[in-house]
Structures are given as structure tokens and as C-alpha cells.
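Below: the structure, in C-alpha cells.
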Protein chains: 2
Amino acid sequence: MSEIYFPPRELEVMSVLWRLGSATVAEVREALREDLAYTSVLSALQTLEDKGYVRHEAEGRAYRYFPVVEAERAGGSALARIRDAIFQGSAERMFAQIVSDRGLPREELERMRRLLAERLGEKP
Amino acid sequence: MSEIYFPPRELEVMSVLWRLGSATVAEVREALREDLAYTSVLSALQTLEDKGYVRHEAEGRAYRYFPVVEAERAGGSALARIRDAIFQGSAERMFAQIVSDRGLPREELERMRRLLAERLGEKP
DNA sequence: CCTCGTCTACGGGTTCTTCAGTAGAATAAA
DNA sequence: TTTATTCTACTGAAGAACCCGTAGACGAGG
């Protein structure tokens, strides 16, 4: 139930962790577009750890950081917030906005259709 | 191209403006769940105006505030950010998360299907 | 010894959020 | 009319969160 929210920089750091599965400070730093000081990245990770969104284990002299919340859960929370605040609760409007993207490959659209068909075909 | 981003409280205020079309400070304050001091709401609106997201017109002694950015545009920006950061660029994964909501009415799912069919049926 | 990479400790600057205090103008009351 | 109340906006300011970094300690490896 607890709301999950990440300010911009922390979201970028989480994104790296979700993508890589886990990472050291140096690895996160490497993966970020902007190059920040080592300690800046470390600070973000420590803040995230305070909030309970990541944890770390010692690995040699360094720490390896792991995401504690799953991307799907964070995504669900973020999407619900957007749906309610921006699309006034309409998942349909939100969906319309997503598929309006011209760059969306046809294949992906078709997988969405399949997914939707399965979802609609569930037990009555 | 410019990135649109709203911190939590400002997003709530924008949400009210999108829902009502326009509103005075008192109306926004009324619409918010938490009850904040009048000046707190005013401050948020002034900040949003500084950023260029809302404008105001005089209406009697009060100001009436209007959103300058459309909900769809703000939504597109927010969704792209979530898609890239949380779902690693996959609109499909994001969509899967959306339709996993058990509370989604069947009718809405079917309208999504229709929408998708139209989108897929576009001439090549 | 010196360097490199790491963590800790700490601080400064900006943004976000909230509100008290103040003042002006319209309205109501005396 | 004069006074009081009410509604409005503006200002300043405080505290928290966010963002970024310097300085220092510490150990491993050259």
C-alpha cells in the first residue's frame, strides 16, 4: 500500500540497478549519462538505502547495491499516480496516450493486442 | 521537446486545474484532500506560474488560474520517463503492468482493444 | 612511501513545502 | 459614516528534501 516515489536523480540510479540487477557505486556512476563525482552517486545510493529501496553487501573493499523494490511494483505505483492525477483515473486515456507514440513498432503493438486478448479471455 | 516535471504537491494542484478546467485559489484549496493554508496553495500556483505551467486572469478580486500545458502532453512526458527508467524502454512491459490491475472494468479493456485495433489497422 | 579506489563525515546551494504576518479592498455592521 | 469582518494577494522566512561536492581516513597494490 505504501506509496513509492523517486525524485529525478534517485530514479535514474534505481533505473541502473533494475537494469543491471545490482551494481557498485563505480558501476552506477559509469552507467549514468552525466558524469557526477563518485560521492554524489554514493550519496544518492545512501539516501535510497535510508528509504529502504536498496540494500548493500560488501564485495571486496566496495559495496554492491541491490534494489529492494521490484521495478514492476515501482512502476505500478508510478502509473497509478499518473493515471489518477493526469488522466483523471482513466486507464483508457492513459493507454491512448501510450499507443499514440508514432515510434512504437508494430510488433510491440501486436504483442499488446495478444496480451489484451488473454486478459479478456479470462475465466468468466 | 522540453521536459515536463511536477513535484508531488504541484502535480496535485495541476490535477485539479486539469479536472476543473480552471480554478481560483480557494477552489483549488477546496478540491485538495489535505487541507492546507490558503497561502500554501497560492504559493504552489505562483511557483507553477513562474515555471510557465499555469497563467491567471483577474476575476473580481480573485485570480482565476488556467493550465497552460495540456494533460496529454504532461502525461506523455511522464509516461515516457517511466517507460525508460522503470520498464527499460519497453512500452509493452508498461502496458502489461497497466492491464494487470484487477479492478479494471471489462468495458474499459474492450475499448482499449478497439483502440488498438484501429491503431493497427492504419494504412501502411 | 605513494597512489588509487573506497567509504565516512560534513557542508553548501537549490528546490520544495508550508505558513505567519501584512496590507488592500469589498462587504457587513454599528 | 465609521467600524469591523472577510476575502484576497504579496512577502518573507523557516524547515525539509534534494543534489552535488570537498576533505579526510583507510586499506590494497605498486
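Chain A is the first sequence line, chain B the second, and so forth, proteins listed ahead of strands; every chain is numbered from 1.
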### Message
Rounded to whole Å, please give me the gap between CZ in B:Arg64 and P in D:dC7.
### Response
17 Å

### Query
Ignoring hydrogens and geometry, is there a side-chain-to-backbone donor-acceptor pair from A:Arg81 to A:Ile4 under 3.5 Å?
yes

### Task
Could you check whether the rings of B:Trp18 and B:Phe6 sit parallel, tilted or perpendicular, using 30° and 60° as the cut-offs?
perpendicular

### Query
Could you state the CD-C1' distance from B:Glu12 to C:dT18, rounded to the nearest angstrom?
13 Å

### Message
With a 3.5 Å distance limit and no angle check, can you tell me whether B:Arg113 reaches the backbone of A:Ala117 through a side-chain donor-acceptor pair?
### Response
no

### Message
Keeping B:Thr47 on the side-chain end and B:Ser43 on the backbone end, is there a donor-acceptor pair under 3.5 Å?
### Response
yes

## Note on the structure
From CG of A:Leu45 across to P of D:dC19 the rounded distance in Å is 13 Å

### Message
Once side chain to side chain donor-acceptor pair (under 3.5 Å) is applied, do any residues pair with B:Glu70, and if so which ones, sequence neighbours excluded?
### Response
none

### Message
What is the distance, to the nearest angstrom, from the OH atom on A:Tyr65 to the P atom on C:dT6?
### Response
12 Å

### Task
Using salt bridge (Lys or Arg N to Asp or Glu O under 4.0 Å) as the criterion, list what pairs up with A:Asp84, not counting sequence neighbours.
none

### Message
Looking at A:Glu27 and A:Thr24, would you say the former's side chain and the latter's main chain have a donor-acceptor pair under 3.5 Å?
### Response
yes

Atom pairs and distances, side-chain donor-acceptor, residues 94-102 of chain B, under 3.5 Å, sequence neighbours left out:
residue  : atom : partner  : partner atom : Å
B:Ser100 : OG   : B:Gln97  : O            : 2.8
B:Asp101 : OD1  : B:Gly103 : N            : 2.8
B:Arg102 : NE   : B:Ser100 : O            : 3.4

## Note on the structure
5'-most contact on DNA chain D (nearest-nucleotide basis), A:Phe6 vs A:Ala37, goes to A:Phe6

### Task
For nucleotides 23-30 of chain D, just jot down a letter per nucleotide in 5' to 3' order: B, S or -, based on protein non-hydrogen atoms under 4.0 Å.
B---BS--

### Task
Would you mind reading off the distance between B:Arg29 atom CZ and D:dT6 atom P, rounded to a whole angstrom?
15 Å

#### Entry: Separation of atom CD in B:Glu49 from atom P in D:dT11, rounded to whole Å
12 Å

### Message
Would you say B:Tyr63 places a side-chain N or O within less than 4.0 Å of OP1 or OP2 belonging to D:dC10?
### Response
yes

### Task
Grab the CG-P distance between A:Leu36 and D:dC19 for me, whole Å please.
11 Å

#### Entry: Partners passing salt bridge (Lys or Arg N to Asp or Glu O under 4.0 Å) against A:Glu72 (at least two apart in sequence or in another chain)
B:Arg93

### Query
Contact class for B:Leu42 vs. all strands (heavy atom < 4.0 Å): base, sugar-phosphate, or nothing?
base

Tabulated below should be each protein N or O lying under 3.5 Å from an N or O of nucleotides 10-16 of chain C; please produce it.
residue : atom : partner : partner atom : Å
C:dC16  : OP2  : B:Lys51 : NZ           : 3.2

